[in-house]
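Working notes, structure below.
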Amino acid sequence: MAAQDKTPPASTPQPGAAERPLHVAIVMDGNGRWAKRRGLPRTLGHREGVEALKRTVSAAAEQDIRWLTVFGFSTENWSRPAAEVAELMALPKRYFESDIGRLEREGVRVRVIGRRAGLSPELVRIIEDAETRTARNDRFFLNIAFNYGGQADIADAARRFAEEVAAGRARPSDLDERVFASFLATAGSPPPDVIIRPSGEQRLSNFLLWEAAYAELVFQDVLWPDYGAEHLKAALAAFAARDRRYGAIVADDVLAAG
Ligand code: IPE
Ligand code: MG
């Protein structure tokens, strides 16, 4: 059966105190409000958001995080005004033009997850170039969700599995959670330990719906363009204070229940 990625799935999470997350995911939100507060056009908020991304990638690597997945553009963001969509579409080029050389040298593997259909051929070429240049890196994994939607990705995965069945390469009974996850855009990444959303909004907005099953959620009152190392540290401290049980109970409570 041809799964999307041959990387073995991450090991099953174990209950216990959360310490350092392996995989951090962030909804980069609040660019528009940041700009509005300064009387600036929203586009400038998005450009400042790219600067925050640069700071946060460095800060995450310094904090021994191995995987960082950021939400850049959702399948629903197409409904914004055309000029704003155009600005958002220009951001990957802006980011990679300034940073891809450094990411490549520093051992970062870049993957852009989301639907390629709908993106301009030039943007697809820029994305593929960034992925190819960093394909052999394995020190730090940066996933950029762009034209991504959790529901779209689940539907796409279901369609790909159905195609395997239709082609006679898989049987319906082959499908379990592990096999299904191998068809998702995030195949090969462990699930996020923590999903951070700045800007004060408290929702997932169609980000990593399947993968979020046991993620801790951290909401922070800072707009994304202001985000940096200190905010990431605060989010990690909040995460470290959580008690992760994955539906089980902790050892002390097993004794108490006995
Ligand atoms: C995040 O900032 C960027 C994207 C979602 C594309 P927003 O543009 O959502 O900023 P707010 O929420 O309007 O402040
Ligand atoms: Mg927003």
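Bear in mind the structure is a predicted one, so any value in this text is a computation, not a measurement. No hydrogens, no waters, no symmetry mates; every other heavy atom, side chains included, goes into these values. Ligands are counted one by one from 1 in listed order, and the atoms in each one are counted from 1 as well. Each residue takes its place number in the sequence, starting with 1.
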Tell me if a side-chain donor or acceptor on Ser120 pairs with a main-chain N or O of Leu123 at a distance below 3.5 Å. yes

Each residue besides Trp67 in its hydrophobic cluster should be listed here, by chain and number; the cluster joins Ile, Leu, Val, Met, Phe, Trp and Tyr at side-chain heavy-atom distances under 4.5 Å. Leu22, Phe141

With a cutoff of under 4.5 Å between side-chain heavy atoms, which Ile, Leu, Val, Met, Phe, Trp and Tyr residues group with Leu223? Trp34, Leu40, Leu44

Please test Arg33 against Glu201 for salt bridge (Lys or Arg N to Asp or Glu O under 4.0 Å), starting from the C-alpha separation and ending with a verdict. CA-CA 12 Å; Arg33 279 163 283 169; Glu201 310 284 1; 3.3 Å; yes

Assign the ring pair Tyr148 / Phe207 to parallel, tilted or perpendicular, where the plane angle (0 to 90°) is split at 30° and 60°. perpendicular

Assess whether salt bridge (Lys or Arg N to Asp or Glu O under 4.0 Å) is satisfied between Arg116 and Glu131, documenting all intermediate values. CA-CA 13 Å; Arg116 296 287 153 95; Glu131 291 183 333; 3.1 Å; yes

Worked verdict on Lys93 versus Glu122 for salt bridge (Lys or Arg N to Asp or Glu O under 4.0 Å): CA-CA 9 Å; Lys93 184 177 181 189; Glu122 189 207 5; 3.2 Å; yes

Carefully, step by step, assess Glu128 and Arg125 under the rule salt bridge (Lys or Arg N to Asp or Glu O under 4.0 Å). CA-CA 5 Å; Glu128 287 175 352; Arg125 192 183 50 70; over 6 Å; no

Just to be sure I understand the site: which N, O or S atoms from the protein are less than 2.8 Å away from the Mg ion (ligand 2)? Asp29 OD1

Between Gln63 and Arg20: side-chain donor-acceptor atoms closer than 3.5 Å: yes

Output for ligand 1, non-hydrogen cut-off under 4.0 Å, lists Met28, Asp29, Gly30, Asn31, Gly32, Arg33, Arg42, His46, Gly72, Asn77, Arg80, Glu84, Leu88

